[in-house]
Amino acid sequence: MKNLIDFLTKNAHWFLLLLLEFLGAVLLFKFNNYQGSVYYTTANAINGKIYEIHASMLAFIHQAENNEALTQRNYMLEQELTRLQTLLDKDGTRRDSTVIAMNDSATRYIRTIPAKVITNEINKAENYITINKGTSDGVRPDMAVTSGLGPVGVVYMSSAHYSIVVPLLNTRSSLSVRIRGERYFGNLRWDGQQVNEAEVEDIPRFARFNSHNAWIETSGYSSIFPEGLIVGKVKHVYSSSDGLSYRLTVELTTDFSRLRDVLVIDNKRQLERINLMRSAKDSISVNN
C-alpha cells in the first residue's frame, strides 16, 4: 500500500495533466458545433469498423454452421423446384412460352445486394439490425432483407455505407403471410418472447389445413416482400380471443441468433408501387 501511495504522489502531476486534458476535450467537443460534428463522424466511422471486424471474426467462427444452413436451404430449393416443375408438367404450362416470358419479365426488375450483419439485437422488444451496405451500394429505406433461410426484415434508415433494418423480431413489425397451398391470409407479428417463434393472426375460422405440415410464406400483398418466401412452419393452432379466427404459432426458418449474411432485395417495380401508394394517400388527405 505504501508503494502505491508513493507512486501516486510521485506522479500526481501527470494524473492532473491527463484529467485536465480530458476535461478540455469534453468542453471543446460539447460546446463547439464543428468540433463536435467532426468527433461524432469520426467516432461513428471507428465504431463501424470495429463492428465489421467483430462480425468478421464471428462469421469465421460460425463458418461451418453457416455452410450447413446454406446446404439445407439449397436442398429445400431443389425440392421446391421439383414440385413446381411437376405442377407445370401436369397442367401443360411448362411448354407455354407466354408463362416463361412473364417469369423472365418479373425477375428482370429484381436484383439482390449481399450484405453482412455487423450488429444484431434479439433480446429487446424493439430490436434492430445494422448491415454494412448503404446508399452508395444501392440500399434505400423500404427494401426487403432476407437470409438464406427466410425473410429478415425491412430497411428502415440508410447512410452512405450502413443501414438499419427493422427485423421480424420487433414488436412493431408486421408481415402479410399465407398458408402455403391453401391461400388463407393473415398477419405475422412477434410477441417479444421466443426468438425463433412468431404469431400469425386473423386466419379465417372456416380455414381447413393440415396443421402438422403447414408452411407459412409471404403473401405478396405487401409492397415490400415478394410472394412465396418461406417464413416458417406452423407449430400450434389456437382460437383467437373472440373466437372468430385462428391464431398460429410459427417456428421461424430464419435463425436470428446466428444471422451473419443477408440479401437486400432491390425491386424496381416495388419502389414504383410504394411511391404510387404514397401519392394516393397524400392526394386523399389533401382532398379531405
Side-chain angles (χ1 to χ4, degrees), residues 69-107 109-110 112 144-154 168-169 173-191 194 196-240 243-256 263 265 267 269-270 273:
L70 289 175
T71 302
Q72 177 186 357
R73 182 57 175 168
N74 286 336
Y75 172 78
M76 293 173 63
L77 290 174
E78 289 176 359
Q79 297 300 307
E80 183 65 14
L81 178 60
T82 301
R83 187 182 72 86
L84 290 174
Q85 288 176 341
T86 302
L87 290 175
L88 290 173
D89 280 336
K90 186 176 180 180
D91 63 13
T93 56
R94 186 177 182 183
R95 295 174 296 275
D96 191 341
S97 60
T98 304
V99 174
I100 296 175
M102 288 175 62
N103 291 335
D104 290 341
S105 175
T107 57
Y109 298 96
I110 298 177
T112 56
V145 181
T146 68
S147 69
L149 296 175
V152 172
V154 179
L168 298 184
L169 299 189
S173 175
S174 178
L175 178 63
S176 177
V177 297
R178 68 188 179 200
I179 301 173
R180 168 160 286 193
E182 300 294 340
R183 314 298 292 184
Y184 298 121
F185 300 90
N187 293 310
L188 182 134
R189 294 186 176 89
W190 188 56
D191 60 4
Q194 302 295 326
N196 63 334
E197 294 180 358
E199 304 290 323
V200 176
E201 303 171 343
D202 303 326
I203 296 295
R205 190 70 181 182
F206 57 80
R208 296 292 181 266
F209 57 94
N210 186 350
S211 60
H212 297 290
N213 296 306
W215 287 93
I216 301 298
E217 64 183 9
T218 54
S219 67
Y221 282 177
S222 166
S223 61
I224 297 177
F225 280 95
E227 66 176 339
L229 295 179
I230 294 178
V231 178
K233 193 172 185 179
V234 175
K235 191 174 181 180
H236 299 293
V237 180
Y238 306 95
S239 293
S240 62
L244 300 179
S245 61
Y246 287 123
R247 180 170 59 90
L248 313 179
T249 298
V250 177
E251 185 175 0
L252 300 174
T253 54
T254 300
D255 188 350
F256 285 89
L263 292 174
I265 300 177
N267 187 336
R269 287 191 169 179
Q270 169 247 4
R273 288 177 61 186

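Keep in mind the model is a prediction, meaning the values are calculated, not measured.
- Considering every non-hydrogen atom in both I203 and Y184, the closest pair reads CD1-O, 4.2 Å.
- Looking at T253, its side chain does come within 3.5 Å of a backbone N or O of V231 through a donor-acceptor pair.
- L149 CG to D255 CG: the interatomic distance, rounded to the nearest 0.5 Å, is 8.0 Å.
- Here T112 pairs with nothing under the side-chain hydrogen bond (donor to acceptor under 3.5 Å, both in side chains) rule; sequence neighbours left out.
- Listed here is the closest heavy atom pair of F225 and P151: CE2-CB, 3.7 Å.
- To the nearest 0.5 Å, atoms NZ (K233) and CZ (R180) are separated by 12.5 Å.
- Listed by chain and number, the residues in a side-chain hydrogen bond (donor to acceptor under 3.5 Å, both in side chains) with E197 are K235 (sequence neighbours excluded).
- Of the candidates I224, V145, L175, L168, I224 is the only one forming a side chain to side chain contact (heavy atoms under 4.5 Å, CB included) with V154.
- Note: I179 CD1 to F185 CZ = 10.0 Å, rounded to the nearest 0.5 Å.
- Note that OG1 of T249 and CD1 of I216 are 11.0 Å apart. Values are rounded to the nearest 0.5 Å.
- Between the side chain of S219 and the main chain of R178, no donor-acceptor pair closer than 3.5 Å is present.
- By the side-chain hydrogen bond (donor to acceptor under 3.5 Å, both in side chains) test, R189 is found to be paired with E201, residues two or more places apart in sequence or in another chain being considered.
- Of all the heavy atoms in L169 and W190, the pair that sits closest is C-CE3, 3.2 Å.
- The two residues S176 and Y221 have their closest heavy-atom pair at OG-CB, 3.6 Å.
- Taking OH of Y238 as the start and OG of S245 as the end, the distance is 14.5 Å to the nearest 0.5 Å.
- Checking side-chain atoms of T218 against main-chain N and O of G228 turns up a donor-acceptor pair under 3.5 Å.
- In this structure, V152 and S147 approach most closely via the heavy-atom pair CG2-N, 3.5 Å.
- With R247 contributing its side chain and H236 its backbone, the two residues share no donor-acceptor pair below 3.5 Å.
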